[in-house]
Amino acid sequence: MPVGTRAAVKAVDSDDLIAVGAEIVLANTYHLMLRPGSDLIAELGGLHEFMSWDGPILTDSGGFQIFSLQPEITEQAAVFSSIYDGARVELTPEEAVEIQEQLGADIAMVLDVCVGLPAPREEVETQMRRTLRWAERSLSAHSRTDQSQFGIVQGGTDLDLRSESARRTAELGFDGIAVGGLSVGEPAEERNAALEAAVAELPEDKPRYVMGLGDTVGLLDAIRRGADMFDCVIPTRLARHGRALTRTGDFNINRVEFTNDPSPLDSECRCPTCRRYSRAYLRHLVRMNELSAHRLLTIHNLTYVLDLVSGAREAIESGALDEHIAKVSSQRGNGST
RNA sequence: GUGGCCGUAGCUCAGUCUGGUAGAGCACCUGGUUGUGGUCCAGGAUGUCGCGGGUUCAAGUCCCGUCGGUCACC
């Protein structure tokens with residue numbers, strides 16, 4: 001899922017998203033409740049109508065903002081000071097449900113408490129249990145039958161906590177289950193172990209969504225462990241910072257060596273950017289801070305990630321996932337990200 | 001022509017008074033960024049201190065000359 005926090009995937013529009021093959025986009029409850037407000041979006045026909053996106057939309061609850069903006073957390077609610085005007089903003093699990101129903105998301109996430117790592121086990125456990133209690137409140141508050149609701153597993157990198165969180169979240173009967181609180185500072189091995197512990201307790205017939213994960217290696221690690229859905233700002237943010245994701249490894253298009261390079265970012269890429277523009281031209285746009293650089297690189301990076309996961313999906317269907325992952329890895333060499 | 005001011009990193013300049021290991025910002029070169037503020041962060045390279053001479057243990061700094069730029073006056 002490309003990330004469109006404020007009902008917009010930065011630098012591109014709905015036509016671009018269709019062109020890259022996006023099937024669903026993510027938007028954010030916390031940001032939209034502040035600007036422009038969920039009442040306004042509801043009045044204008046809901047999020048799909050508002051942003052002119054016909055495909056599915058998943059709204060994140062604001063749980064990640066509890067992590068990134070560090071509000072005061074009580075059993076009742078998270079209390080933010082607005083990033084726009086500093087006003088005191090209270091968000092309860094019930095309000096997060098209500099706002100997402102107003103927005104008209106196809107998939108709504110429960111409000112969870114994401115803990116940055118490393119963290120003391122006690123803190124991780126406290127917030128994991130709070131997330132479970134909030135999950136029950138969210139289920140009770142949920143009323144739209146045309147909207148799916150996903151619970152979120154927490155528990156840091158503690159395998160027992162992950163396992164318990166996953167089992168109890170699954171028992172609540174959500175339409176899908178997310179694994180949250182990963183890619184927040186922990187080593188990859190610990191993340192993979194935590195994911196395995198969670199997945200082991202999750203039903204096979206419901207979507208498993210790893211929140212916030214999006215680097216190539218991390219995606220493949222998670223797919224191999226049974227994850228089905230992802231969102232991440234990596235492809236879009238890195239695009240705006242001049243970094244291109246490619247089959248043969250990632251690189252910053254700013255680098256001197258691309259000054260006179262007539263080849264596309266990725267010779268195997270189907271995207272409009274690669275079919276039309278050279279590395280030399282894109283480097284020029286980035287260096288001159290031209291607005292089109294953001295759009296063209298975003299289109300490419302989104303295409304890369306979407307093709308990466310659709311390739312994995314096809315490999316799963318043909319029973320050849322391991323071979324597929326080995327091939328992707330060897331082609332990338334040591335390419336980072 | 002006379003007088004003033006200026007000449008230091010690719011750019012804009014500090015350092016000159018009071019001599020003591022040549023600096024900053026920007027630009028440039030790498031790397032980082034995970035349920036988004038387009039940022040930010042961390043490293044790195046960079047000098048005929050206009051040129052020549054003198055004084056001094058030591059000169060970007062003081063003295064003399066010279067070249068270039070600029071302004072004012074004639």
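Residue numbers start from 1 in every chain, and the chains themselves are labelled A, B, ... in the order their sequence lines are given, proteins ahead of strands.
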Any protein N or O atoms within reach of nucleotides 38-42 of chain B? Criterion: under 3.5 Å, listing atom names and distances.
residue	atom	partner	partner atom	Å
B/G38	OP1	A/Arg240	NH2	3.0
B/G38	O4'	A/Arg240	NE	3.4
B/U39	O4	A/His241	ND1	3.4

Please list, for nucleotides 25-28 of chain B, all pairs of protein and nucleotide N/O atoms separated by less than 3.5 Å.
residue	atom	partner	partner atom	Å
B/C28	O3'	A/Arg287	NH2	3.4

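Under the ring-ring contact (aromatic ring centres under 6.0 Å, His included) criterion, A/Tyr281 pairs with A/Tyr277, sequence neighbours left out.
Taking every heavy atom of residues 221-233 of chain A and every atom of RNA chain B, pairs under 4.0 Å involve A/Asp231, A/Cys232, A/Val233, by number. Against RNA chain B, the stretch residues 110-131 of chain A makes heavy-atom approaches under 4.0 Å through A/Asp112, A/Cys114.
A/Ser68 comes within 4.0 angstrom of no nucleic acid atom, judged by non-hydrogen atoms across all strands. In this structure, A/Gln154 reaches the bases: a heavy-atom distance under 4.0 Å links it to at least one base atom across the strands shown. Across all strands, A/Gly181 comes closer than 4.0 Å to base atoms (heavy-atom distances). Residue A/Ile152 is in base contact, counting any heavy-atom pair closer than 4.0 Å across all strands shown.
Salt bridge A/Arg129/A/Glu125: present, at least one basic N to carboxylate O contact under 4.0 Å.
Taking hydrophobic clusters as Ile, Leu, Val, Met, Phe, Trp and Tyr residues chained together by side-chain heavy-atom distances below 4.5 Å, A/Val199 does not share a cluster with A/Leu161. By the criterion of side-chain heavy atoms lying less than 4.5 angstrom apart, applied directly or through intervening Ile, Leu, Val, Met, Phe, Trp or Tyr residues, A/Val3 is not grouped with A/Met33; the two fall into different hydrophobic clusters.
Relative orientation of the A/Phe251 and A/Phe258 rings is tilted, given thresholds of 30° and 60° on the angle between their planes.
A/Leu195 has its CG atom 18 Å from the P atom of B/U34, to the nearest Å. Taking atom CG of A/Asn252 as the reference point, atom C1' of B/C29 lies 11 Å away to the nearest angstrom. Regarding A/His31, its NE2 atom lies at a distance of 5 Å from the P atom of B/G37, rounded to whole Å. Distance A/Asn301 CG to B/U34 C1': 14 Å, rounded to the nearest Å.
When all heavy atoms are compared, the tightest approach of A/Asp231 to A/Met211 is OD1-CA, 3.5 Å. When every heavy atom of A/Met109 is checked against every heavy atom of A/Ser61, the shortest pair comes out as O-CB, 3.2 Å.
Between the side chains of A/Thr59 and A/Gln100, at least one donor N or O lies within less than 3.5 Å of an accepting N or O.
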Let me see the working for A/Lys206 and A/Asp228 under salt bridge (Lys or Arg N to Asp or Glu O under 4.0 Å), right down to the final yes or no.
-> CA-CA 9 Å; A/Lys206 289 181 179 176; A/Asp228 304 303; over 6 Å; no
Which is it for A/Gln147 and A/His142 under the side chain to side chain donor-acceptor pair (under 3.5 Å) test, yes or no, and what are the steps along the way?
-> CA-CA 9 Å; A/Gln147 179 186 68; A/His142 192 237; 3.0 Å; yes
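In this structure, B/G68 and B/C6 make a Watson-Crick or G-U wobble pair, each of the two defining distances being under 3.5 angstrom.
Evaluation of the side chain to side chain donor-acceptor pair (under 3.5 Å) test over residues 36-49 of chain A, restricted to residues two or more places apart or in two chains, returns A/Ser38-A/Gln102, A/Asp39-A/Gln102, A/His48-A/Asp106.
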